[in-house]
Colleague: 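Encoded as C-alpha cells, here's the structure I'll be asking about.
First listed ligand is number 1; within each ligand, the first listed atom is number 1. Fair warning: this is a prediction, and the values are worked out from it, not measured in the lab.
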Amino acid sequence: MLQATSPASAASTTEEIAGLQTKPLSWRLGTEVSGLDLRHSEGIPQETISALWRLLGERGILLFRGQGLNHEQHLAFTRRFGPLADTGMTSRYAPPGYPDLFTVTNIKSNGQRSETENAAQQWHTDQSFLPVPARASMLRCEIAPQFGGDTMFSSMYAVYDSLSDGLKATLGTLRAFHTLFNTRCLVMSNRKPMTAEEAARVEGAWHPVVMTHPDTGRKVLYINDQMVDHFEGWTVAESKPLLDHLCHLIEHPAHTYRHRWQPGDLIAWDNRCTQHYAPLDYDFAGMDRPENHRLMFRSTLA
Ligand SMILES: O=C(O)CCC(=O)C(=O)O
Ligand SMILES: [Fe+2]
C-alpha cells in the first residue's frame with residue numbers, strides 16, 4: 001500500500017508503490033509513474049486509483065510518459081477520479097465534439113491566432129476565480145515544439161513552509177479576491193470580449209490566503225499572480241509589495257519543477273497545492289512554422 005512520502009524525504013530512485021514504478025521528478029514536487037497503460041483506464045483497480053490520488057495530493061503532480069491518449073481515453077482516465085469540471089470560461093476552447101476538454105495551442109485556426117497561445121504566461125492555479133475551484137487538471141501533449149514549450153510547476157506546501165512564523169500568522173487572517181479582471185492579469189489582453197454569461201461566470205471569488213489541503217492536512221499558500229491583486233480590506237497599492245514578495249517565492253527554483261514535454265505525456269496536477277506557468281521559451285515569433293507548433297489538451301476535475 002502507498003505510504004505517505006514527505007516531499008523533503010522523497011527518494012531520487014525508482015520505488016514500487018501499489019505495483020507501480022514511481023520516481024520523484026524534483027526535490028519538492030512531482031512523481032513520474034510508470035507501469036500503467038492509461039488507454040485502458042477502466043481496467044485499473046480502484047485501489048490503484050486511490051493510491052494515485054493520494055500520491056497526487058502529496059507530490060502535487062504526476063507524470064505519465066508515452067501514453068499517446070486520444071480524447072476519449074483522456075476523459076475516461078480523468079473520470080476515474082471523479083466528476084469533470086467545466087473546463088474554463090466556457091467551451092469556446094474545446095476541440096469539436098469534446099466540450100469537456102480545453103485546447104491549449106499556438107496553432108492558428110482559419111488564419112486566426114490562437115487565444116490560448118499564451119494562456120499560461122503567468123503563474124496560476126486553474127479556476128481560482130470560481131467559489132469552488134477545480135480540484136485537479138490533466139494536461140496531455142500531442143505536439144511539442146522543437147525547443148521549449150515547457151510547463152513549470154511550483155509547490156504551495158514548499159512556499160508556505162518557507163515563510164516566517166510572523167508572516168504565516170498575518171497571512172492566516174487574510175482573504176484575497178480571485179478574478180481574471182484584475183490589475184496583474186495579462187491573459188485577457190489577446191482574447192475576444194466575453195459574453196455577459198461568460199463574464200458573470202468568471203466574476204471572481206474570495207478565498208482564504210492560507211488553506212489546509214483536505215487530503216494531506218498540510219497548509220498551502222493560496223494566492224496567484226494571474227488572479228489576485230488585493231487582499232480583503234487592503235488597496236491594490238498596499239497589497240502589491242506583499243503579493244510581489246509571495247509571487248517571487250512561488251517562482252523560486254527550489255520550489256519548482258520544470259517539465260520538458262514529449263508527445264504522449266500526460267501530467268495530472270492538484271490545483272490545491274501547486275501552481276503552474278508556461279514560459280514563452282520557444283520561438284514565439286516563428287511559431288507558425290510546424291517545428292514550433294504546440295498542441296495540448298486539458299481535462300479538469302470538479
Ligand atoms: O500551456 C501550458 O503548459 C499550461 C496551460 C494551462 O495553464 C492549463 O491548461 O491549465
Ligand atoms: Fe492552467
Colleague: Hey, which atoms in ligand 1 end up nearer than 4.0 Å to a heavy atom of His124?
Modeller: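 Heavy-atom distances to His124 below 4.0 Å select 7 (O).
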
Colleague: Check whether the ring centres of Phe102 and Tyr93 lie less than 6.0 Å apart, and answer yes or no.
Modeller: yes

Colleague: Nearest protein heavy-atom contact for atom 8 (C) of ligand 1: which residue, which atom, what distance?
Modeller: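 It is Arg298 NH1, 3.5 Å.
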
Colleague: Kindly indicate, with the supporting measurements, whether the criterion ring pair (Phe, Tyr, Trp, His ring centres under 6.0 Å) is fulfilled by Phe129 and His178.
Modeller: CA-CA 5 Å; Phe129 49 78; His178 293 239; 9.4 Å; no

Colleague: I'd like to check which ligand 1 atoms, numbered from 1 as shown, lie under 4.0 Å from a non-hydrogen atom of Asp126.
Modeller: 10 (O)

Colleague: Between atom CG of Asn292 and atom CZ of Phe284, what is the distance when rounded to the nearest 0.5 Å?
Modeller: 11.0 Å

Colleague: To which of Ser299, Cys141, Ala120 does the heavy atom nearest atom 4 (C) of ligand 1 belong?
Modeller: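 The residue whose heavy atom sits nearest atom 4 (C) of ligand 1 is Ala120.
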
Colleague: What's within reach of the Fe ion (ligand 2), meaning protein N/O/S atoms under 2.8 Å?
Modeller: His124 NE2, Asp126 OD1, His276 NE2

Colleague: Check whether the ring centres of Trp269 and His276 lie less than 6.0 Å apart, and answer yes or no.
Modeller: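 Yes, close enough.
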
Colleague: Which value, rounded to the nearest 0.5 Å, describes the distance between Leu280 atom CG and Arg294 atom CZ?
Modeller: 9.0 Å

Colleague: Quick test: of every protein heavy atom, which one is nearest to atom 1 (O) of ligand 1, and how far off is it to 0.1 Å?
Modeller: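 Here the nearest protein heavy atom works out to Arg294 NH1, 2.8 Å.
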
Colleague: Between Arg28 (side chain only) and Val159 (backbone N and O only), is there a donor and an acceptor less than 3.5 Å apart?
Modeller: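 No; zero donor-acceptor contacts below 3.5 Å.
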
Colleague: For His276, counting its heavy atoms only, list the atoms of ligand 1 lying under 4.0 Å from any of them.
Modeller: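 So the answer, numbered in order with elements, is 6 (C), 7 (O), 8 (C), 10 (O).
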
Colleague: Taking only heavy atoms of Ala278 into account, list the atoms of ligand 1 that are under 4.0 Å away from them.
Modeller: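 Counting atoms of ligand 1 from 1, those under 4.0 Å from Ala278 are 1 (O), 2 (C), 3 (O).
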
Colleague: Under 6.0 Å from the ring centre and within 45 degrees of the ring axis: does the NZ or CZ of Lys219 meet both conditions for the six-membered ring of Tyr157?
Modeller: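 Geometry flag: not set, cation outside 6.0 Å or 45°.
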
Colleague: Identify the residue among Asp270, Thr78, Asp126, Thr300 that makes a side-chain hydrogen bond (donor to acceptor under 3.5 Å, both in side chains) with Ser137.
Modeller: Asp126

Colleague: Is there a heavy atom in Met296 that sits closer than 4.0 Å to ligand 1?
Modeller: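 Met296 does not count as a contact of ligand 1 under the 4.0 Å cut-off.
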
Colleague: Less than 4.0 Å is my threshold; does some heavy atom of Trp269 fall inside it relative to ligand 1?
Modeller: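 Per 4.0 Å heavy-atom rule, Trp269 contacts ligand 1.
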
Colleague: Is the distance between the ring centroids of His71 and His74 less than 6.0 Å?
Modeller: no

Colleague: Under 6.0 Å between the ring centres of Phe77 and Phe64?
Modeller: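 Yes, the ring centres sit under 6.0 Å apart.
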
Colleague: Would you mind checking if Arg272 and Asp215 are paired as a salt bridge, meaning a charged N to carboxylate O distance below 4.0 Å?
Modeller: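 Salt bridge present between Asp215 and Arg272.
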
Colleague: How far is atom 3 (O) of ligand 1 from the closest protein heavy atom, and which atom is that?
Modeller: Thr151 OG1, 2.5 Å

